[in-house]
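What follows is a short report on a single structure.
All values derive from a computational prediction rather than experimental measurement. We count residues from 1, following the sequence as given.
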Amino acid sequence: MSKILIFANDYKTIANFRMELLERFLELGHKVTLSLPEDERNHVFTDMGCSVISAPITRHGTNPVAELKLIRVYKDQIKQAAPDCVLTFTVKPNIYASIAAAARKVPYINNITGLGSVMQSESFLKKMMLRLQKYAYRKSACVFFQNEGNLRYFKERGIVGEQARLLPGSGVNLALHAFSEYPPERETTDIAIISRLRKDKGYDEFFAMMQKLLPRYPKLRFHIIGWVEEEAYREKLAQYEKEPRVIYHGELTQTQVHEVLQSCHCLCHPSYHEGMANVLMEAAAAGRPTLASDIPGCREIVEQGVTGFTFRVQDAEALTEAVERFLALEEESHREMGKKAREKMEREFDREIVIRSYLEQIEAATALEVGV
């Protein structure tokens with residue numbers, strides 16, 4: 001039996017994409033502790049048999065005093081939990097928990113879930129983050145990347161070396177996101193977007209596309225799912241308050257998201273940057289064609305003209321053309337795209353692939369038999 005300590009910045013980081021990993025650890029008899037910010041939902045983890053300890057982490061804070069305090073907290077938590085291996089997810093835990101684990105001489109494994117918005121433009125903060133990550137990962141047993149583009153970016157800058165490994169994102173739970181029959185398009189063709197309402201998720205381009213296409217296609221209907229993270233988009237939504245063909249669902253649970261996807265014909269994802277777009281995998285697993293930005297973390301999932309279409313990132317006209325290209329196809333072609341999307345998920349993105357990779361790397365890092 002091993003003791004595994006997991007650091008993450010948010011309840012959802014674990015609950016939405018890594019519950020199966022926790023379940024496998026527990027099934028194999030390992031003791032699992034999670035370090036997370038306080039959240040009333042954390043009882044989900046204790047209910048299943050994990051321990052939870054609180055960490056004073058803020059997702060977007062940059063106060064250096066608070067960041068140094070977080071390293072001290074992490075070092076104390078590692079000392080108290082005495083883990084055989086540390087796992088980290090998302091940028092801050094990847095950096096600060098790694099530094100703490102290295103100081104405590106505990107093997108650690110990182111997961112790079114994407115470059116993040118800081119890396120999209122040249123700035124002092126970007127340079128600082130790259131230096132911190134290079135320092136943090138210097139003793140890492142394994143650094144998992146979710147797409148080839150991110151892995152190449154870090155290798156070219158000397159941030160990681162031979163310890164880098166590629167995963168198919170977080171994988172997709174093929175049972176939870178079960179295949180569902182493609183709905184008829186007799187009355188409407190429904191397109192969904194599922195992400196936080198913020199600029200780098202492509203909402204400027206999405207609203208521009210909607211404005212052009214709603215008058216042209218009377219059967220076209222849009223579903224917007226996600227919480228408003230940038231207030232400008234609350235005003236945008238208000239413009240469509242009386243438009244029955246634009247439905248804002250707010251934030252939904254994963255089960256509710258799947259129910260909406262079942263009723264839709266296509267998912268649109270015009271994001272500016274991704275690790276591996278979970279929402280695309282989930283839609284494809286459900287048997288829905290997908291339209292996505294032609295960027296790392298999306299192009300691996302969408303096969304052009306086979307399971308959907310990709311388009312130039314940050315380009316409203318290219319997005320509009322992709323939607324019209326989809327609408328020009330017959331319903332049977334849409335149905336076939338959805339079937340092929342599901343087959344691709346089964347073949348390449350099953351979450352079981354991710355679980356096996358973690359078990360192998362933990363075994364290698366600790367030289368303990370953790371089983372598969």
Worksheet entry | CD (E331) with more than 12 external heavy atoms under 6.0 Å | yes
Worksheet item: Rounded to the nearest 0.5 Å, how far apart are NE2 of H269 and CG of N278?
Response: 9.0 Å
Item to complete: Over all heavy atoms of both residues, which pair between P37 and D10 is shortest? Give the atoms and the distance, please.
Response: CD-N, 4.0 Å
Practice prompt. Report yes if the side chains of L36 and I14 come closer than 4.5 Å at any heavy-atom pair, otherwise no.
Written response: yes
Discussion item. Using 0.5 Å steps for rounding, measure from the CD1 atom of I57 to the NZ atom of K69.
Written reply: 13.0 Å
Practice prompt. Tell me, yes or no, whether the heavy-atom count around K12 atom NZ, taken from other residues, nucleotides or ligands under 6.0 Å, exceeds 12.
Written response: yes
Discussion item. Checking Q304 against T310: is there a side-chain donor and acceptor pair closer than 3.5 Å?
Written reply: yes
Worksheet item: How long is the gap from CG on L87 to CD1 on I109, to the nearest 0.5 Å?
Response: 5.5 Å
Item to complete: Go through the side-chain N and O atoms of T253 and Q256 and say whether any donor and acceptor fall under 3.5 Å apart.
Response: yes
Practice prompt. Ignoring hydrogens and angles, state whether a donor on the side chain of N9 or T13 is under 3.5 Å from an acceptor on the partner side chain.
Written response: yes
Fill in: Under 3.5 Å side-chain donor-acceptor pair for E205 and Y272
yes
Practice prompt. May I ask you to establish whether R72 and Y74 are in a cation-pi arrangement, using a distance under 6.0 Å from NZ or CZ to the six-membered ring centre and at most 45° from the ring axis?
Written response: no
Practice prompt. Of all the heavy-atom pairs spanning Y108 and A136, show the shortest one and how long it is.
Written response: OH-O, 2.6 Å
Fill in: Residue pair V257, I225: steps toward the side-chain contact (heavy atoms from CB on, under 4.5 Å) verdict
CA-CA 8 Å; V257 166; I225 303 166; 4.2 Å; yes
Discussion item. Surrounding CD of Q211 (heavy atoms of other residues, nucleotides or ligands, distance under 6.0 Å), is the total greater than 12?
Written reply: no
Item to complete: State plainly whether the residues K344 and E303 are in salt-bridge range, i.e. N to O under 4.0 Å.
Response: yes
Response to the item:
Here the pair of heavy atoms bringing S140 nearest to N110 is OG-OD1, 2.8 Å
Worksheet item: Salt bridge between R312 and D294, side-chain N to carboxylate O under 4.0 Å?
Response: no
Worksheet entry | salt_bridge(E346, R342) N-O dist < 4.0 Å | yes
Worksheet item: Can you list every pair that meets ring pair (Phe, Tyr, Trp, His ring centres under 6.0 Å) and has a residue in residues 301-354, with sequence neighbours left out?
Response: F326-H334
Item to complete: Scan V86, L34, I53, T33 and name whichever one has a side chain to side chain contact (heavy atoms under 4.5 Å, CB included) with F7.
Response: V86
Item to complete: Kindly work out whether a path of hydrophobic side-chain contacts (I/L/V/M/F/W/Y, heavy atoms less than 4.5 Å apart) joins Y233 to M209.
Response: yes
Worksheet entry | Test ring pair (Phe, Tyr, Trp, His ring centres under 6.0 Å) applied to F145 - qualifying residues, sequence neighbours left out | F154
Discussion item. Check D39 with R41, please: is the shortest side-chain N to carboxylate O separation under 4.0 Å?
Written reply: yes
Worksheet item: Would you say the side chain of E230 lies within less than 4.5 Å of the side chain of R196, judging by non-hydrogen atoms?
Response: no
Discussion item. For a quick check under 3.5 Å, do R18 and S170 share a side-chain donor-acceptor pair by atom type?
Written reply: yes
Worksheet entry | Hphob cluster co-occupancy, I71 + Y135, side-chain heavy atoms under 4.5 angstrom | yes
Worksheet, complete the sentence: Closest heavy-atom pair, D84 versus T366, reported as atoms and distance to 0.1 Å, is O-CG2, 3.2 Å
Worksheet item: Side-chain donor-acceptor pair under 3.5 Å between Q254 and E282, yes or no?
Response: yes
Fill in: Closest approach of A102 to K139 (non-hydrogen atoms, all atoms of both residues)
CB-CD, 4.2 Å
Discussion item. I'd like to know if R347 and E343 make a salt bridge, using a cut-off of under 4.0 Å between side-chain N and carboxylate O.
Written reply: no
Discussion item. Quick check on the 6.0 Å ring-centre criterion: do Y248 and Y240 meet it?
Written reply: no
Discussion item. So which atom in L280 and which in C298 form the shortest heavy-atom distance, rounded to 0.1 Å?
Written reply: CD1-SG, 3.7 Å
Atom pairs and distances, donor-acceptor, side-chain atoms in residues 188-195, under 3.5 Å, two or more places apart:
residue	atom	partner	partner atom	Å
T188	OG1	D190	OD1	2.5
D190	OD2	R221	NE	2.6
D190	OD2	R221	NH2	3.0
D190	OD2	H223	NE2	2.7

Discussion item. With heavy-atom distances below 4.5 Å as the criterion, would you say the side chains of L197 and W227 are in contact?
Written reply: no
What side-chain donor-acceptor pairs closer than 3.5 Å can you find for residues 158-168, not counting sequence neighbours?
residue	atom	partner	partner atom	Å
Q163	OE1	G161	N	2.8
Q163	NE2	Y137	O	3.0
R165	NH1	E162	O	2.7

Worksheet item: Is the closest basic N to carboxylate O distance between K201 and E274 below 4.0 Å?
Response: yes
Practice prompt. Using modelled atom types only, decide if a donor and an acceptor are shared between the side chain of T320 and the backbone of A316 within a distance under 3.5 Å.
Written response: yes
Practice prompt. Establish whether I247 and F206 are linked, either directly or via other cluster members, by ILVMFWY side-chain heavy-atom contacts under 4.5 Å.
Written response: no
Distance-only criterion, 3.5 Å: show the donor-acceptor pairs between side-chain atoms of residues 75-82 and protein atoms not counting sequence neighbours.
residue	atom	partner	partner atom	Å
Q77	OE1	S35	OG	2.8
Q77	NE2	S54	O	2.8

Discussion item. Test question: given the 4.5 Å side-chain rule for I, L, V, M, F, W and Y, name all other residues clustered with F17, or answer none.
Written reply: none
Response to the item:
Output for pair (E231 CD, K236 NZ), nearest 0.5 Å, gives 14.5 Å
Worksheet item: How many angstroms lie between atom NZ of K340 and atom CE of M345, to the nearest 0.5 angstrom?
Response: 14.0 Å
Worksheet item: If we ignore angles and hydrogens, is there a donor and acceptor under 3.5 Å between the side chains of N173 and E20?
Response: yes
Discussion item. Please tell me whether N111 and Y358 have a donor and an acceptor in their side chains that are separated by less than 3.5 angstrom.
Written reply: yes
